[in-house]
Amino acid sequence: RISAKESCDVIFFFFDQVWNAAITDYDDFWIMPEVHCKRLCSYAASFGKGSLSETEEDYLLAHKSDFDKYFSVTVREKAGKEFLEKLQIKAETVCDPTLLFYHEPALYDNLAEKSEYQTEGNYILVYSLEYSKQLDELIEKVRKETGKKVIALHPMNDSIQSCDEFVRDASVYDFLALIKNADCIL
């Protein structure tokens with residue numbers, strides 16, 4: 001965090017789910033830090049969800065004047081752009097930063113090789129941030145058809161879907177290796 005005594009030229013917000021109030025615990029810092037700053041910008045900021053609760057909408061509405069101070073607002077999801085535009089906050093949709101090097105797979109491969117995560121055999125990887133009954137049904141269908149174990153990659157919940165193995169604390173290297181080495185990703 002930047003302290004209120006500091007000043008800077010530009011602050012960029014580009015964290016995954018930086019504007020997901022459930023994750024940031026409605027901490028105003030993630031929308032309007034208490035620092036002297038000439039410009040605020042977001043790059044591929046995320047709400048991490050397809051819809052907002054009434055409480056979350058009210059929270060954003062209470063910060064409309066803060067968003068108006070941003071020089072540039074970009075988000076990584078269409079839904080995020082729609083949330084902001086509903087409040088008359090101009091936003092653009094840009095590429096998720098994790099996909100910026102898609103044309104240079106060797107960059108990802110080099111990072112994945114640094115992984116310390118070990119797993120036996122072939123597997124199906126599940127990456128989901130919230131429970132879905134339909135995803136559980138798909139997991140069971142694919143597991144039954146392939147006979148492969150299912151690994152869930154989720155930062156906060158180790159029982160979100162019906163999987164055989166759960167990875168909660170993956171490093172960047174582990175995350176990339178799990179994706180690279182999966183036979184199938186759901």
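Everything quoted here is computed from the prediction, not taken from an experiment. The chain is numbered in sequence order, starting from 1. Values reported hereafter were calculated over all heavy atoms of this structure, with side chains retained and with hydrogens, waters and symmetry mates removed.
In terms of heavy atoms, Lys81 sits closest to Val75 at N-CG2, 3.5 Å. Residues Gln88 and Lys64 come closest through the heavy atom pair O-NZ, 3.7 Å. In terms of heavy-atom proximity, Cys95 sits nearest to Ala44 at O-CB, 3.8 Å.
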* For the pair Leu178 and Tyr123, evaluate side-chain contact (heavy atoms from CB on, under 4.5 Å) and give the outcome as yes or no after the intermediate values. => CA-CA 9 Å; Leu178 282 162; Tyr123 61 92; 3.8 Å; yes
* Asked: Can Ile185 and Ile179 be said to form a side-chain contact (heavy atoms from CB on, under 4.5 Å), step by step?
  -> CA-CA 7 Å; Ile185 301 170; Ile179 290 171; 3.6 Å; yes
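Here Leu61 contributes atom CG and Leu52 contributes atom CG; the two are 12.0 Å apart, rounded to the nearest 0.5 Å. Atoms CD and CD, on Glu77 and Glu82 in that order, are 11.0 Å from each other to the nearest 0.5 Å. We find the NZ-CG distance between Lys114 and Leu176 to be 11.0 Å, quoted to the nearest 0.5 Å. Interatomic distance, CG of Leu40 versus NZ of Lys69, reported as 9.0 Å (0.5 Å rounding). Residue Lys90 holds its NZ atom at 12.5 Å from CG of Leu84, rounded to the nearest 0.5 Å. Atoms OG and CZ, on Ser51 and Phe83 in that order, are 6.0 Å from each other to the nearest 0.5 Å.
No side-chain donor from either of Lys180 and Ser115 sits under 3.5 Å from a side-chain acceptor of the other.
Within the 4.5 Å cutoff, side-chain heavy atoms of Phe47 are placed close to those of Leu60. Between Asp136 and Glu140 there is no side-chain heavy-atom pair separated by less than 4.5 Å. Between Asp183 and Thr146 the shortest side-chain heavy-atom distance does not fall below 4.5 Å. Between Val167 and Asp174, every side-chain heavy-atom pair lies at or beyond the 4.5 Å cut-off. In this structure, Arg143 and Asp164 have side chains that are in contact, with non-hydrogen atoms separated by less than 4.5 Å. You'll find the side chain of Leu125 reaches within 4.5 Å of the side chain of Leu153, heavy atoms only.
Proximity of a side-chain donor or acceptor of Thr93 to a complementary backbone N or O of Arg76 within less than 3.5 Å is not detected.
Other residues, nucleotides and ligands contribute more than 12 heavy atoms inside 6.0 Å of the OH atom of Tyr117. Within a 6.0 Å sphere centred on CD of Glu104, heavy atoms belonging to other residues, nucleotides or ligands number more than 12.
Taking hydrophobic clusters as Ile, Leu, Val, Met, Phe, Trp and Tyr residues chained together by side-chain heavy-atom distances below 4.5 Å, Ile89 does not share a cluster with Phe71.
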